[in-house]
Amino acid sequence: MHDLRLLRERPDALRDALRRRGVLDTMASTVDRAEALERDRRACIRAEEEKRAAANALTQEVRRRKQEHVDATDLIEQGRVLSAELAQLESQRAAAESAFTALGLEFPNITLPDVPAGGETANVVVRSWGTPRPEGGIRPHWEVAGPEGLGILDLARGAKVAGSGFVAFRGLGARLVRSLMTFMIDLHTREHGYEEVWIPFVVNRASMTGTAQFPKFADDQYGIEGDDLFLVPTAEVPVTNLYRDEILDAAALPRGFVTYSPCFRREAGAHGKDTRGLLRLHQFDKVELVRYSTPDESPAQLELMTGHAEAVLQRLGLPYRVVLLAAGDTGFASAKTYDLEVWAPGVGKWLEVSSCSTCTDFQARRANIRFRPGGASKPTFVHTLNGSATAFPRLIATLLEHYQEPGGAVRVPDVLRPALGVDRLG
RNA sequence: GGACGGGUGGCCGAGUGGUUGAAGGCACCGGUCUCGAAAACCGGCAUACCGGUGAACCCGGUAUCGUGAGUUCGAAUCUCACCCCGUCCGCCA
């Protein structure tokens, strides 16, 4: 959600932002309707407040007469009429208001000026690190990890107990997951200054709306039967909502939180696309970074946080590239996003293992997260940022492929050896 | 899940139908006093929205006492539903 005054004061700027995302055509009528509703809403407010002022004055007069023991039945009758008219206006305004608010939630964030316009093809590789390993002779991770190979990944039994898109890690595979969690959280707390948090893995509707999964992406979420609760699609939701409806201490900004969580996604509409092995799951694990910042500092904070995510890949020795997403490929809540992609020589593709975004004040408005700049002045919205650092399954896939040896064994990077207890798999 | 108690401004805490946006206290800000500080005293101290020439300042209006709905000319105060907190019971990792 933006400052909805934008709609009133600079509708062209809003239209331009939608054009850069390539959604202006589909949203044009939404903009028009929102503008009309906003006019209605304000007209209603004026009329209603005028009438209410009259009703309040009348009430005072009734009270005065009663104190003086003068008959007030005529005024009470007038009040009754006013009150009925008021109820009429109120419901009219409430209708316009809720329609307007609902529409407001449909608008994506406005991308920053340095984000290229256009769709996926306009994405820009801004830098890369390490040397991608050539594809020749490297088997895809699902072959080396499966029951015929290392036996650390059990796709069939994961599917049996839950369904396709759910996996079981076994033995050193399970231990690898646990090692990654420890490695990443330790890195971010000890070297990057993040506060570690452990959070609920289910959230309520308000939290989902705060970070903008709702209402637009409700179909992608798992809901819990009988309760108005939802499995977290990313730890960004509970962590960003930790400070919903609060005013933060300006002196404590910027600040960062790191957490582990499983992530649950229905992936509605993504069936059949890159679904082999660990490429796309309904449940996966991830270490997530969330930062709160003042508006001034947030662009630099995005660079900083992206660097923190990159550090994970560098420590693991995995070649990667940093991609600045074009406006049309940038997530709904994000104003600017860098994807981190690691080369997977077995699959022969760059795999996205991290997505680092600044949501500017978009989520902060929805979730009402503010800070008081310079002591006494009015509270303003913080900027929220989030980034995976990193997601496990695709990272495991690239580890299994990048460090694969001719016989199918896999070398373990140094940083994981202490926690894993071995220096090679197989 | 059951029973009872409770949710009032940054905090504590009065207030059971009518100048109550809300007593009092604390905290905070400004001032007087003081060499300075403390104490004391004086004053200030919510937010959002609508409008007054779409700035700042100021002025008028409206809303807000957990949330929503209802009763009433009028609701912090009465009714209902829901949410949250506490205590006890049950159940349970």
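Here is how names work: the chains are called A, B, and so on, in the same order as the sequence lines, proteins then strands, and each is numbered from 1.
Applying the ring pair (Phe, Tyr, Trp, His ring centres under 6.0 Å) test to A:F166 and every residue at least two apart in sequence or in another chain returns A:H282.
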Walk me through whether A:D32 and A:R15 qualify under salt bridge (charged side-chain N to carboxylate O under 4.0 Å, His left out).
CA-CA 10 Å; A:D32 293 341; A:R15 285 197 168 82; 3.0 Å; yes

Show your reasoning for whether side chain to side chain donor-acceptor pair (under 3.5 Å) applies to A:T211 and A:E236.
CA-CA 8 Å; A:T211 34; A:E236 166 198 345; 5.2 Å; no

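Within 4.0 Å of A:I45, counting heavy atoms only, lie sugar-phosphate atoms of the nucleic acid but no base atom. Counting any heavy atom pair closer than 4.0 Å across all strands shown, A:R64 reaches no nucleic acid atom.
The P atoms of B:rG31 and B:rA37 are separated by 11 Å, rounded to the nearest whole Å. B:rC73 and B:rC11: their P atoms are spaced 36 Å apart (whole Å). The same atom, P, is picked in B:rG60 and in B:rC4; the two are 49 Å apart, to the nearest Å. Separating the P atom of B:rG86 from that of B:rA69 is a span of 28 Å, rounded to the nearest Å.
In plain terms, the two heavy atoms of A:C356 and A:M305 that are nearest each other are CB-CE, 4.0 Å.
Although no hydrogens or angles enter the test, the distance criterion places a donor-acceptor pair under 3.5 Å between the side chain of A:Y292 and the main chain of A:T240. Side chain of A:R291 to backbone of A:T358: no donor-acceptor contact under 3.5 angstrom is found. Proximity of a side-chain donor or acceptor of A:R366 to a complementary backbone N or O of A:T209 within less than 3.5 Å is detected.
Each of A:E90, A:E85, A:Q92, A:Q88 was scored for a side-chain contact (heavy atoms from CB on, under 4.5 Å) with A:E48, with one residue passing: A:E90.
For the pair A:V62 and A:E48, both in contact range of RNA chain B, the more 5′-proximal nearest nucleotide belongs to A:E48.
Within residues 78-86 of chain A, the residues that have a heavy atom under 4.0 Å from RNA chain B are, in order of number, A:G79, A:R80, A:S83.
A close approach under 4.0 Å does not occur between any side-chain nitrogen or oxygen of A:N56 and OP1 or OP2 of B:rG61. At the phosphate of B:rG51, OP1 or OP2 sits under 4.0 Å from a side-chain N or O atom of A:R42. Taking only side-chain nitrogens and oxygens, A:R52 never comes nearer than 4.0 Å to OP1 or OP2 of B:rG61.
Between A:D339 and A:S355, the side chains place a donor N or O and an acceptor N or O closer than 3.5 Å (distance only, hydrogens not considered).
Stretches of at least 3 consecutive Watson-Crick or G-U wobble pairs, with each checked distance under 3.5 Å, appear in RNA chain B as B:1-7 with B:83-89, B:10-12 with B:24-26, B:28-32 with B:40-44, B:46-52 with B:58-64, B:66-70 with B:78-82.
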